[in-house]
Amino acid sequence: MYELVCKCKKATRFTAIIFLSLLIMLFGCEKKEDDITLIHKKEDKSTPINDNEELIISMFDNEGKSSIVELDVEKKVEEELVKNETVWLHAKLSDNKQYLAYMSAKGDGPWDIFLLDKNDKKTYQVTNDTLGQLMPRFGDKEGKTIYSEIMGEKFPVSKIAKVDLETKDSIVFDTEQPDRAVEMYDISKDKIIGAFVSEEENTARRTAANEADEPLGQIVYSIYEMNLDGSDMNLVTEIKAVNIDSMAYGPNGKSVIVGGGNINEDEGSGIYQLSLTDKTLTTILTDQMIKKSKNPILSEIGHRRLAVLSKNERFVYFSGIPKNAEDVSFDGIISKLQCIYKYDLDSKEIIKLYEYKKLAFVTDMTVTY
């Protein structure tokens with residue numbers, strides 16, 4: 001899992017830097033409305049579909065609060081959908097633009113899935129079990145199925161799970177491979193793409209790095225694509241990297257934007273495009289390219305290497321750190337301000353697209369076309 005900095009709130013407040021393998025034991029959720037079967041019985045009040053692409057940006061600010069903002073890229077209009085949460089958030093907007101699925105945690109239990117109905121402004125709790133849930137994705141246009149990355153006592157290695165909101169049935173994929181852990185994934189209209197590693201090898205490289213007090217070395221990420229029911233799991237390619245932190249299908253489902261650290265021969269952070277037709281990995285932008293450019297407006301790609309492709313496939317939206325940004329204490333977490341930038345694949349120009357109203361860094365970013 002990508003290295004995660006999380007804010008914990010218990011009897012006393014403290015900050016911890018942990019890996020996803022520890023997340024499920026540290027956080028929990030308070031129960032909200034749970035009659036999620038009712039949300040799909042309001043067709044007469046459904047939200048008119050907006051054809052503009054919407055960025056869903058999750059942020060953690062310098063007051064120790066997390067928020068989720070919906071940004072209409074074309075109109076440059078933002079709406080704050082979730083605010084005042086105390087842990088890092090991940091979120092995704094449904095294709096019909098009505099529902100927001102997000103992960104949050106309060107108390108002593110694991111992360112759970114919540115669903116915000118933008119029409120009635122009510123939030124419904126989808127899961128309430130011992131599994132930690134991260135990285136929500138919708139499996140259909142109407143928002144009736146939600147996927148997540150899970151980990152828990154029954155599944156000590158991270159897997160992809162699917163929840164049907166109408167029947168409340170759930171299924172976990174790839175359970176027959178106990179050593180194959182999913183690090184990152186995304187969903188298209190009919191496929192799942194995921195970056196997988198050997199949990200044994202991953203644990204060994206982290207242990208070796210810690211014992212030697214050295215930077216983490218590369219590991220082989222196996223990129224698999226499968227059907228939405230988890231069947232027909234096919235190897236697309238293999239990538240050597242220290243981390244693969246983000247994956248996002250393009251609008252036509254024929255390519256995937258990949259963000260990571262020390263990918264193949266590159267040093268530092270980078271954003272890449274993986275073609276699913278010819279299996280090639282093309283470099284889009286790296287820290288080294290930014291440093292070599294004339295008068296850059298940012299110093300480096302954001303630490304989670306979050307990036308998505310625009311609807312017209314001309315731009316890549318990504319999180320980055322502004323030039324000359326200073327260290328900021330985010331309620332005890334020392335980091336730098338992050339903004340959202342737009343990279344023009346034709347002109348190679350970078351412009352700043354969005355900055356939150358408070359000092360904040362970006363914890364997640366997804367797009368809905």
Side-chain angles (χ1 to χ4, degrees), residues 39-40 42-59 67-83 89-102 115-121 123 135-147 186-191 193 246-257 259 271 273 284-285 302 306-320 338-347 349-357 360 362-369:
I39 66 175
H40 298 295
K42 305 173 183 178
E43 300 299 331
D44 56 324
K45 297 181 180 180
S46 61
T47 302
I49 295 180
N50 174 7
D51 288 335
N52 295 341
E53 57 196 5
E54 306 287 328
L55 290 180
I56 298 298
I57 308 166
S58 303
M59 292 156 294
S67 302
I68 299 173
V69 168
E70 178 182 352
L71 178 66
D72 185 318
V73 177
E74 182 178 329
K75 296 181 179 178
K76 303 225 173 17
V77 175
E78 66 175 289
E79 179 183 2
E80 195 165 37
L81 302 178
V82 178
K83 58 184 178 180
L89 303 175
H90 313 112
K92 176 70 176 181
L93 187 67
S94 62
D95 285 349
N96 64 5
K97 313 290 178 73
Q98 181 176 347
Y99 303 110
L100 180 81
Y102 69 97
L115 194 70
L116 170 66
D117 186 333
K118 291 179 60 184
N119 285 348
D120 60 19
K121 308 301 181 183
T123 299
M135 307 300 167
R137 297 290 186 270
F138 285 99
D140 62 288
K141 183 176 181 179
E142 294 77 22
K144 296 180 180 180
T145 56
I146 297 178
Y147 293 77
D186 195 31
I187 303 284
S188 70
K189 288 180 173 57
D190 57 0
K191 294 290 184 179
I193 192 86
S246 69
M247 301 184 77
Y249 272 108
N252 60 17
K254 296 180 180 179
S255 69
V256 177
I257 300 299
I271 299 168
Q273 186 169 24
I284 294 176
L285 186 67
L306 297 161
V308 297
L309 190 62
S310 67
K311 187 175 182 178
N312 62 10
E313 301 189 58
R314 178 178 172 180
F315 305 105
V316 171
Y317 307 120
F318 69 98
S319 64
Q338 290 185 27
C339 303
I340 304 300
Y341 294 88
K342 180 169 72 172
Y343 179 67
D344 190 322
L345 293 170
D346 293 337
S347 68
E349 180 185 12
I350 299 175
I351 65 171
K352 187 165 75 171
L353 180 68
Y354 176 76
E355 182 177 346
Y356 189 51
K357 60 188 177 182
V362 182
T363 59
D364 192 27
M365 181 178 67
T366 58
V367 65
T368 298
Y369 301 108

Check: What is the distance from atom OG of Ser58 to atom CG of Leu89, rounded to the nearest 0.5 Å?
Finding: 5.5 Å

Note to self: Checking Lys191 now: which residues fulfil side chain to side chain donor-acceptor pair (under 3.5 Å) with it, not counting sequence neighbours?
What the structure shows: Asn227

Notebook entry, point to check: How would you list, by chain and number, every residue that makes a salt bridge (charged side-chain N to carboxylate O under 4.0 Å, His left out) with Glu313, sequence neighbours excluded?
Noted result: none

Checklist line | Under the side chain to side chain donor-acceptor pair (under 3.5 Å) test, residues paired with Glu74 that sit two or more places apart | finding: none

Notebook entry, point to check: How would you list, by chain and number, every residue that makes a salt bridge (charged side-chain N to carboxylate O under 4.0 Å, His left out) with Lys352, sequence neighbours excluded?
Noted result: Glu355

Next item on the list: Under the side-chain contact (heavy atoms from CB on, under 4.5 Å) rule, collect the residues that match up with Ala248, sequence neighbours excluded.
Entry: Asp186, Val308

Next item on the list: Kindly indicate whether the side chain of Gln98, heavy atoms from C-beta on, has any atom under 4.5 Å from the side chain of Glu142.
Entry: no

Next item on the list: Could I get the full list of side chain to side chain donor-acceptor pair (under 3.5 Å) partners for Lys254, not counting sequence neighbours?
Entry: none

Next item on the list: For Phe318, check ring pair (Phe, Tyr, Trp, His ring centres under 6.0 Å) against everything at least two apart and list the hits.
Entry: Tyr341

Margin query: Applying salt bridge (charged side-chain N to carboxylate O under 4.0 Å, His left out), can you list everything that pairs with Glu80, at least two apart in sequence or on another chain?
Written below: Lys357

Notebook entry, point to check: With Lys121, which residues qualify under salt bridge (charged side-chain N to carboxylate O under 4.0 Å, His left out), at least two apart?
Noted result: Glu79

Margin query: Test of understanding: with side chain to side chain donor-acceptor pair (under 3.5 Å), list the residues that count as partners of Asp344, not counting sequence neighbours.
Written below: Arg314, Ser347

Next item on the list: Under the side-chain contact (heavy atoms from CB on, under 4.5 Å) rule, collect the residues that match up with Thr368, sequence neighbours excluded.
Entry: Lys92, Leu93, Asp95, Lys97

Note to self: Which residues pass the side-chain contact (heavy atoms from CB on, under 4.5 Å) test with Ala360, not counting sequence neighbours?
What the structure shows: Met59, Asp61, Tyr356

